[in-house]
Amino acid sequence: MKVRIYKDAEQAGKAAATLIGAQLIRKPDSVLGLATGSSPIPIYDELIRMYREGAISFAQATSFNLDEYVGIAEDHPCSYHYFMQEKLFEYVDMRPDAIHVPDGNAENPQAFAAAYDWAIERAGGIDLQVLGIGRNGHIGFNEPGDHFIRGCHVVDLTESTITANQRFFENRDQVPRQAMSLGIEAILKAKTVVLIATGKDKAQAVRDAIHGEITPQVQASILQGHPDVYWMLDEAAASLL
Ligand code: F6R
């Protein structure tokens, strides 16, 4: 695994965006796996800047987001559909029909999840997967547990994730209790993984994932078995390495 340490979140984000930009230049029709949350925001800011400068284009790219809450509408300001529009898609030349975000309100979630995995396979798999990491070591919403879940699935969010994500909502009661998340298989099959982690409260999860045992209690630890992972860290997130 390649561990890169930057002064702050902005520098880590810029460097991660450069990796994604290079991917798009090398392969304009790349399949990108995208994440939401605070960590990738500096990445998306920099990608928008690179696009405006004419350095990169998303016109031939396809994207699949990692996850979406269950039980809030797509146009809810805290939904991940909304987040992606607001933080990236509105400002770049992605074709709307090339954008995929799980449907947290699917009538038949199991059928939707299977179709989502299949759509990724049909697109040729993910070329580059962007990940954040939860304070509890989750990737996507693959929460700590006694096993790794292969496919896309509906998950009960843990108390620690509900607490962590409360900051995006008016109060704790409004945080959805479930999400639909890509499983570990599609993430592990991505050709390249770019994980961004910033801030002191990620330091323990980063340490456990990189140096700890490979265990479903720390879902990100499975990335030790992936041949091309970049850990893009700021000094605070790297402070326990
Ligand atoms: C988001 C996702 C989550 C987040 C993680 C960190 O799509 O899959 O795994 O990456 O919870 O969130 P932030 O960056 O907000 O600390």
Side-chain angles (χ1 to χ4, degrees), residues 8-10 12-13 16-17 20 32-45 63-70 72 74 76-89 99-104 113 116 120 126 128-145 148-149 152-169 175-184 186-188 190 193-206 208-209 216 218-223 229-234 236-238:
D8 54 31
E10 194 188 332
I20 299 163
L32 301 177
L34 299 178
T36 59
S38 307
S39 313
I41 292 176
I43 300 183
Y44 298 146
D45 288 346
S63 72
F64 289 91
N65 260 80
L66 275 171
D67 38 27
E68 177 58 286
Y69 288 119
V70 168
I72 56 174
E74 280 184 13
H76 187 291
C78 295
S79 83
Y80 289 167
H81 279 82
Y82 191 96
F83 176 100
M84 289 309 299
Q85 284 303 326
E86 207 197 11
K87 302 291 187 218
L88 181 66
F89 296 145
I99 293 170
H100 305 84
V101 181
D103 178 1
Y116 199 71
I120 292 174
I126 294 166
L128 185 150
Q129 176 68 56
V130 177
L131 292 178
I133 184 170
R135 288 152 191 75
N136 63 7
H138 72 208
I139 46 177
F141 277 134
N142 292 282
E143 296 282 45
F148 294 102
I149 299 178
C152 185
H153 59 284
V154 172
V155 54
D156 293 332
L157 299 176
T158 59
E159 289 301 316
S160 74
T161 297
I162 293 166
T163 302
N165 289 5
Q166 186 179 334
R167 67 193 195 280
F168 297 110
F169 293 81
V175 186
R177 272 23 188 189
Q178 287 190 311
M180 181 169 302
S181 176
L182 215 56
I184 290 298
I187 295 173
L188 276 184
V193 174
V194 175
L195 188 151
I196 181 156
T198 54
K200 213 166 79 143
D201 48 349
K202 299 295 175 68
Q204 188 65 48
V206 165
D208 291 346
V218 182
Q219 294 271 324
S221 64
I222 196 136
L223 296 173
V229 183
Y230 290 85
W231 285 84
M232 309 300 277
L233 310 174
D234 70 355

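Note that the numbering runs from 1 along the sequence shown for the chain. Note that ligands are numbered from 1 as they come in the structure, with each ligand's atoms numbered from 1 the same way.
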Next item on the list: Answer yes if the side chains of R135 and T163 hold a donor-acceptor pair under 3.5 Å, and no otherwise.
Entry: no
Check: For residues E143 and H138, is any side-chain donor paired with an opposing acceptor at under 3.5 Å?
Finding: yes
Check: Hey, does S38 come in under 3.5 Å of ligand 1, counting only N/O atoms on both sides?
Finding: yes
Note to self: Below 3.5 Å, N or O to N or O, backbone or side chain included: is there any such pair between Y80 and ligand 1?
What the structure shows: no
Specify side chain, backbone, both or neither for [X], according to which of its non-hydrogen atoms lie closer than 4.0 Å to ligand 1.
X    : result
T36  : both
Q219 : neither
I133 : backbone

Next item on the list: Assess the pair F169 and Y69: is the distance between their ring centroids shorter than 6.0 Å?
Entry: yes
Main-chain N/O of [Y] paired with [X] side-chain donor or acceptor, under 3.5 Å:
X   : Y    : answer
E68 : Y80  : yes
E86 : F83  : no
D8  : D234 : no

Report the nearest protein non-hydrogen atom to [atom]: residue, atom name, distance rounded to 0.1 Å.
atom                    : result
atom 14 (O) of ligand 1 : S39 OG, 2.4 Å
atom 12 (O) of ligand 1 : K202 NZ, 4.2 Å
atom 3 (C) of ligand 1  : G140 O, 3.6 Å
atom 11 (O) of ligand 1 : H138 NE2, 2.7 Å
atom 7 (O) of ligand 1  : D67 OD1, 2.7 Å
atom 10 (O) of ligand 1 : G132 CA, 3.3 Å

Check: What residues, two or more places apart in sequence or in another chain, satisfy salt bridge (Lys or Arg N to Asp or Glu O under 4.0 Å) together with R177?
Finding: none
Check: How long is the span from the CD1 atom in I222 to the CD1 atom in I139, to the nearest 0.5 Å?
Finding: 7.5 Å
